[in-house]
There are 2 protein chains.
Amino acid sequence: MGATKTAHFTGKQNSIATLAKALGHPARVAIVEYLIKVDACICGDIVNELPLAQPTVSQHLKELKNAGLIKGSIEGNAICYCIDERAIEKLQTYFGSISTKLTTRKNNCC
Amino acid sequence: MGATKTAHFTGKQNSIATLAKALGHPARVAIVEYLIKVDACICGDIVNELPLAQPTVSQHLKELKNAGLIKGSIEGNAICYCIDERAIEKLQTYFGSISTKLTTRKNNCC
DNA sequence: AATCTATATCGTAATATTGCAATATTAAAA
DNA sequence: TTTTAATATTGCAATATTACGATATAGATT
């Protein structure tokens, strides 16, 4: 054992878990925040922004990309990364709807 | 190596990462969704709702609790779990603010 | 007190993640 | 074409996560 039993959960649950997992590391949160802060696609720079070695950053970027949180396109010599808005929108919608459900609920026992 | 370098990131980045990580597993997403669906504190039941063995569920509950996503209080023989709204609110605020920044940005190159 | 019920903890195997040095790749620059 | 710059990949060690059987714990029921 040791592998997540994805097959037993719904597609949406797995999809949210995948996005959340990608943001489950401060370095990846920092990358996403940086991409938003500079308000542009970034070619280069990202490694210099983080307190981690280049291969480690490259790995984190790959994970963010696999999860669908960022997009990367080759721009000559460098690679241009930017946020994939659809992922952020998914998360925002998800937590927004949960939040709404919580504020309008009747039972508030704890 | 193998341990996350939390010390190199901001408190907020670590805090978001902790919450996201807790939701980075479909079973824990399912638990949170169930607690919201039943609109109440739940004593028992959770194990029966999930396709995982009791010790596994117990472990997932512990992680959600450590991350601050759920609260648990002893209710006689059983334990009563419910959502900690503050955590959901944090996530909602965070992704809401990111989403806003994305829609109002100028550069949209990708 | 003995038993039942609900949950936690321990121990452990399988697998995944984190981090980096070394190396590869690829395109621009000289 | 050699060199430089940016990024990816490989390989590996350290650590964390996932899952569950066995067992412990603690309150309720009999």
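Within every chain, numbering begins at 1; the chains are lettered A, B, ... in the order of the sequence lines, protein sequences first and strands thereafter.
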d([atom1], [X]; [atom2], [N]) in whole Å:
| X | N | atom1 | atom2 | value |
| --- | --- | --- | --- | --- |
| A:E63 | D:dT7 | CD | P | 18 Å |
| A:L50 | D:dT7 | CG | C1' | 14 Å |
| A:N66 | C:dT17 | CG | P | 11 Å |
| B:D45 | C:dT7 | CG | P | 8 Å |
| B:L64 | D:dT17 | CG | C1' | 14 Å |

Looking only at the side chains, is there a donor atom on one of A:Y94 and A:E89 sitting less than 3.5 Å from an acceptor on the other?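 Judged by distance alone, the side chains do not pair up.
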Where [X] and [Y] come nearest, the two heavy atoms and their spacing:
| X | Y | result |
| --- | --- | --- |
| A:L19 | A:A67 | CD2-O, 3.3 Å |
| A:P26 | B:A17 | N-CB, 3.5 Å |
| B:S15 | B:K90 | OG-NZ, 3.8 Å |

Can you figure out which of C:dG19, C:dT18, D:dA19 approaches the side chain of B:K5 most closely?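 Closest of the options to the side chain of B:K5: C:dG19.
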Please list, for nucleotides 8-12 of chain C, all pairs of protein and nucleotide N/O atoms separated by less than 3.5 Å.
unit_1 : atom_1 : unit_2 : atom_2 : d
C:dA8  : OP1    : B:Y81  : OH     : 2.5
C:dA8  : OP2    : B:S58  : OG     : 2.8
C:dA8  : N7     : B:Q54  : NE2    : 2.6
C:dA8  : N6     : B:Q54  : OE1    : 2.9

May I ask you to evaluate whether [X] reaches the phosphate of [N], defined as a side-chain N or O under 4.0 Å from OP1 or OP2?
| X | N | result |
| --- | --- | --- |
| B:H25 | D:dA19 | yes |
| A:H60 | C:dG19 | yes |
| A:K21 | C:dT17 | yes |

Would you say the side chain of B:L23 lies within less than 4.5 Å of the side chain of A:F95, judging by non-hydrogen atoms?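 SC-SC contact between A:F95 and B:L23 confirmed.
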Given side chain to side chain contact (heavy atoms under 4.5 Å, CB included), test A:I79 with A:L61 step by step and report yes or no. CA-CA 11 Å; A:I79 289 189; A:L61 286 167; over 6 Å; no
